[in-house]
Amino acid sequence: MAEMVGPRLYGCCNCRNHVALHDDIISKAFQGKHGRAFLFSHAMNVSMGPKEDRNLMTGLHTVADVYCSDCREVLGWKYERAYEETQKYKEGKFILEKSKIVKDNW
């Protein structure tokens with residue numbers, strides 16, 4: 001009998017709450033506050049902090065911190081607005097830090 005294989009997921013490093021699908025990764029070449037980070041098109045089971053302007057490596061952006069909805073661990077941030085035209089593709093996308101997420105169902 002064939003083994004059922006579900007989607008590859010990422011979970012919160014603290015409580016393992018599922019927060020993103022591997023298939024939603026846009027890029028693995030991003031930098032977070034604590035090292036390498038992934039850009040995702042979507043995230044799940046997360047909540048957002050207040051929007052604030054931050055001067056990041058690629059310019060000024062309006063972002064909101066992203067928290068695990070179960071344990072409130074800060075996982076990264078969501079790009080709400082990019083002020084530079086070349087960075088507009090990030091709007092509505094999520095940065096999840098590699099050190100804050102773990103692979104699940106791989």
Side-chain angles (χ1 to χ4, degrees):
M1 188 158 113
E3 185 178 326
M4 295 293 289
V5 178
R8 293 186 297 172
L9 301 163
Y10 286 96
C12 169
C13 67
N14 190 47
C15 71
R16 310 277 192 212
N17 181 27
H18 294 155
V19 295
L21 295 169
H22 175 76
D23 289 347
D24 288 339
I25 292 178
I26 295 169
S27 174
K28 294 182 178 182
F30 276 72
Q31 187 69 28
K33 288 181 184 176
H34 308 287
R36 201 163 139 211
F38 301 159
L39 182 68
F40 286 86
S41 59
H42 301 91
M44 58 188 168
N45 301 319
V46 296
S47 56
M48 255 72 71
K51 295 177 187 177
E52 61 180 53
D53 285 343
R54 284 192 201 150
N55 200 3
L56 303 173
M57 290 173 62
T58 54
L60 184 63
H61 296 80
T62 301
V63 299
D65 283 339
V66 173
Y67 300 87
C68 172
S69 61
D70 280 356
C71 72
R72 302 293 294 160
E73 178 80 24
V74 178
L75 304 173
W77 63 84
K78 181 180 181 183
Y79 287 105
E80 297 288 351
R81 181 176 178 200
Y83 289 90
E84 295 184 27
E85 200 60 41
T86 59
Q87 301 301 309
K88 293 282 187 188
Y89 74 95
K90 297 177 184 174
E91 291 181 342
K93 309 290 189 303
F94 296 83
I95 287 289
L96 298 180
E97 299 207 40
K98 188 177 178 200
S99 66
K100 299 289 188 165
I101 56 176
V102 294
K103 293 177 180 178
D104 191 18
N105 201 33
W106 288 58

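Residue numbers count from 1 along this sequence. Since this is a predicted model, take the numbers as computed values, not measurements.
Note on Val63 and Ile26: same hydrophobic cluster, where clusters join Ile, Leu, Val, Met, Phe, Trp and Tyr whose side-chain heavy atoms are under 4.5 Å apart, directly or indirectly. Tyr79 and Val66 are not part of a single hydrophobic cluster, where members link through side-chain heavy atoms under 4.5 Å apart. A continuous path of hydrophobic side-chain contacts links Leu96 to Ile25 [ILVMFWY only; heavy atoms under 4.5 Å]. No continuous path of ILVMFWY side-chain contacts below 4.5 Å connects Leu39 to Ile101, so the two sit in separate hydrophobic clusters.
For the atom pair CG of Leu75 and CD1 of Ile95, the computed distance is 12.5 Å after rounding to the nearest 0.5 Å.
Between Glu84 and Gly59 the shortest heavy-atom distance is OE2-CA, 3.6 Å. In this structure, Met48 and Phe94 approach most closely via the heavy-atom pair SD-CE2, 4.0 Å. Annotation for Glu97 and Trp77: closest pair OE2-CZ3, 4.3 Å, computed over non-hydrogen atoms. For Cys15 against Cys71, the heavy-atom pair with the smallest separation is SG-SG, 3.8 Å. Closest approach of Val19 and Gly11 over heavy atoms only: CG2-C, 4.0 Å. Across every non-hydrogen atom of Asn17 and Asp70, the tightest pair is CG-OD2, 3.5 Å.
Residues satisfying the salt bridge (Lys or Arg N to Asp or Glu O under 4.0 Å) criterion with Lys88, sequence neighbours excluded, are Glu91. In this structure Lys93 satisfies the salt bridge (Lys or Arg N to Asp or Glu O under 4.0 Å) test with no other residue, sequence neighbours excluded. In terms of the salt bridge (Lys or Arg N to Asp or Glu O under 4.0 Å) criterion, residue partners of Glu73 (sequence neighbours excluded) are, by chain and number, Lys100.
Checked against Asp65 for a salt bridge (Lys or Arg N to Asp or Glu O under 4.0 Å), the options Arg54, Arg72, Lys51, Lys78 give a single hit: Arg54.
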### Task
Please step through side chain to side chain contact (heavy atoms under 4.5 Å, CB included) for the pair Lys90 and Thr58, ending with a clear verdict.
CA-CA 11 Å; Lys90 297 177 184 174; Thr58 54; 2.8 Å; yes
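Tyr10 and His22 have tilted rings, their planes meeting at an angle from 30° to 60° on a 0 to 90° scale.
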